[in-house]
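Heads up, the thing below is written out as structure tokens.
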Amino acid sequence: MDVTTDAAAPWLIVGLGNPGPEYAGNRHNVGFMVADLLADRVGGRFKRAGRAQAQVVEGRIGPPGPSNRRVVLAKPMSYMNLSGGPVNALRDFYKVPVGHVVAVHDELDIDYGVLRLKLGGGDNGHNGLKSMTKAFGAEYHRVRFGIGRPPGRMQVADFVLKDFSSAERKELDYFVDRAADAVEALVIEGLERAQSTYNS
């Protein structure tokens with residue numbers, strides 16, 4: 001396991017999702033939505049990352065001074081269940097310790113719009129996390145964006161690959177904005193302070 005804790009090392013913020021316009025509005029792609037907003041905030045545009053199967057934006061977040069952080073925002077362009085390979089390639093290229101990796105992803109076991117920040121743990125059946133953990137271990141940060149459980153007898157796979165409902169979309173921009181705030185707080189202020197603000 002990578003135990004580097006170099007404060008100057010960049011942070012790799014990974015929005016998880018599936019590439020392609022047919023998936024863009026899916027619940028499973030909320031990680032991409034948060035990554036896109038963060039890219040807007042740092043004034044960057046996603047572009048292909050060399051040989052890695054991913055798109056990246058490099059930038060800085062935080063006020064000028066010691067709390068300013070270098071970040072690499074990433075969207076793996078593999079499918080969700082293969083996210084670990086592209087993320088690990090970026091981690092190696094940018095020399096990012098595992099503890100400076102943040103995965104932003106949808107979470108079934110949390111109510112819609114609720115956030116939970118954590119370090120390490122299991123994958124709870126999430127194929128993107130499963131792939132990342134297999135590639136470089138579980139000790140990375142997660143920003144879990146609640147999407148709730150499927151209604152009735154709908155299969156989980158069908159639910160996550162459907163777009164947010166019209167009712168959910170009314171609040172989606174607000175929740176995505178809050179998730180981006182949570183990522184920034186995690187990177188700038190640390191996990192405990194970010195949890196105290198956003199794990200509500």
Side-chain angles (χ1 to χ4, degrees), residues 1-17 30-42 56-75 83-84 87-88 90-91 94-126 128-148 171-200:
M1 191 177 97
D2 187 336
V3 293
T4 309
T5 53
D6 178 6
W11 285 76
L12 177 59
I13 299 163
V14 182
L16 291 177
V30 74
F32 274 19
M33 298 173 196
V34 175
D36 285 337
L37 179 56
L38 287 165
D40 285 345
R41 291 184 180 184
V42 302
V56 299
V57 169
E58 296 180 53
R60 303 192 80 89
I61 61 174
S67 59
N68 189 260
R69 300 285 184 261
R70 182 177 162 221
V71 296
V72 179
L73 308 173
K75 297 192 295 186
S83 300
V87 175
N88 206 29
L90 292 173
R91 205 177 67 74
Y94 288 103
K95 297 180 171 52
V96 178
V98 174
H100 277 208
V101 176
V102 182
V104 186
H105 64 93
D106 57 306
E107 179 61 63
L108 286 159
D109 285 339
I110 302 174
D111 290 340
Y112 174 60
V114 174
L115 298 175
R116 290 286 183 272
L117 282 63
K118 63 182 278 195
L119 174 64
D123 56 59
N124 202 24
H126 193 288
L129 298 182
K130 194 175 293 183
S131 180
M132 286 176 61
T133 296
K134 186 176 179 183
F136 51 82
E139 291 304 303
Y140 53 91
H141 290 85
R142 298 102 190 274
V143 174
R144 305 156 75 204
F145 186 111
I147 61 169
E171 296 183 290
L172 183 59
D173 286 349
Y174 167 76
F175 288 140
V176 168
D177 194 67
R178 192 165 184 270
D181 290 346
V183 171
E184 291 182 345
L186 168 61
V187 170
I188 296 165
E189 301 171 14
L191 179 61
E192 285 187 18
R193 287 189 65 180
Q195 283 175 324
S196 69
T197 303
Y198 293 97
N199 281 19
S200 55

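If you read the sequence from its start, that first residue is 1, and numbering goes on from there. Atom set for the values below is all heavy atoms of this structure, side chains included, hydrogens, waters and symmetry mates excluded.
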If you apply the rule side-chain contact (heavy atoms from CB on, under 4.5 Å), what do you find for Leu108 with Ile147, and how did you get there? CA-CA 5 Å; Leu108 286 159; Ile147 61 169; 4.0 Å; yes
On a heavy-atom basis, which atom in Ala185 and which in Tyr198 lie closest, and how many Å separate them? CB-CE1, 3.8 Å
Closest heavy-atom contact between Ala194 and Ala182? CB-O, 4.4 Å
Closest approach of Ala9 and Lys95, non-hydrogen atoms and distance? CB-O, 4.2 Å
Please find the pair of heavy atoms, one from Pro63 and one from Asn68, that lie closest to each other, and give the distance. O-CB, 3.2 Å
How long is the straight-line distance from CZ of Arg91 back to CZ of Phe136, given to the nearest 0.5 Å? 6.0 Å
Atom of Gly84, atom of Ala135 and distance for their closest heavy-atom approach: O-CB, 3.6 Å
Would you please test Arg60 and Val42 for side-chain contact (heavy atoms from CB on, under 4.5 Å) and show each step? CA-CA 7 Å; Arg60 303 192 80 89; Val42 302; over 6 Å; no
Would you say that Ile188 contacts Trp11 through its side chain, given a criterion of any heavy-atom pair below 4.5 Å between the two side chains? no
Tell me if the NZ atom of Lys134 is crowded by more than 12 foreign heavy atoms within 6.0 Å. no
Side-chain donor or acceptor of Thr133 paired with backbone N/O of Ala138 under 3.5 Å: no
Quick one: CG on Leu37 to CZ on Arg178, what's the gap to the nearest 0.5 Å? 14.0 Å
Atom CZ of Arg193: over 12 foreign heavy atoms under 6.0 Å: no
Distance col, row Leu186:CG vs Thr197:OG1, nearest 0.5 angstrom, shows 11.0 Å
Establish, from distance only, whether the side-chain atoms of Tyr94 and Glu58 form a donor-acceptor pair under 3.5 Å. yes
Got a salt bridge between Lys75 and Asp36, using NZ or NE/NH1/NH2 to carboxylate O under 4.0 Å? yes
Assess whether side-chain contact (heavy atoms from CB on, under 4.5 Å) is satisfied between Leu129 and Leu16, documenting all intermediate values. CA-CA 9 Å; Leu129 298 182; Leu16 291 177; 4.0 Å; yes
Closest heavy-atom contact between Ser131 and Ser83? OG-N, 3.4 Å
Any side-chain heavy-atom pair of Val96 and Val72 under 4.5 Å: no
Side chain to side chain contact (heavy atoms under 4.5 Å, CB included), paired with Glu107, selected from Val143, Leu115, Asn124: Asn124
Between Arg144 and His105, is there a side-chain heavy-atom distance shorter than 4.5 Å? yes
Please say which of Leu191, Val102, Val183 ends up in a side chain to side chain contact (heavy atoms under 4.5 Å, CB included) with Leu117. Leu191
Non-hydrogen side-chain atoms of Leu12 and His100 separated by less than 4.5 Å: no
In terms of ring plane angle, is the pair Phe145 and Phe175 parallel, tilted or perpendicular, where the classes change at 30° and 60°? perpendicular
Looking at side-chain heavy atoms only, is the closest gap between Arg41 and Glu184 below 4.5 Å? yes
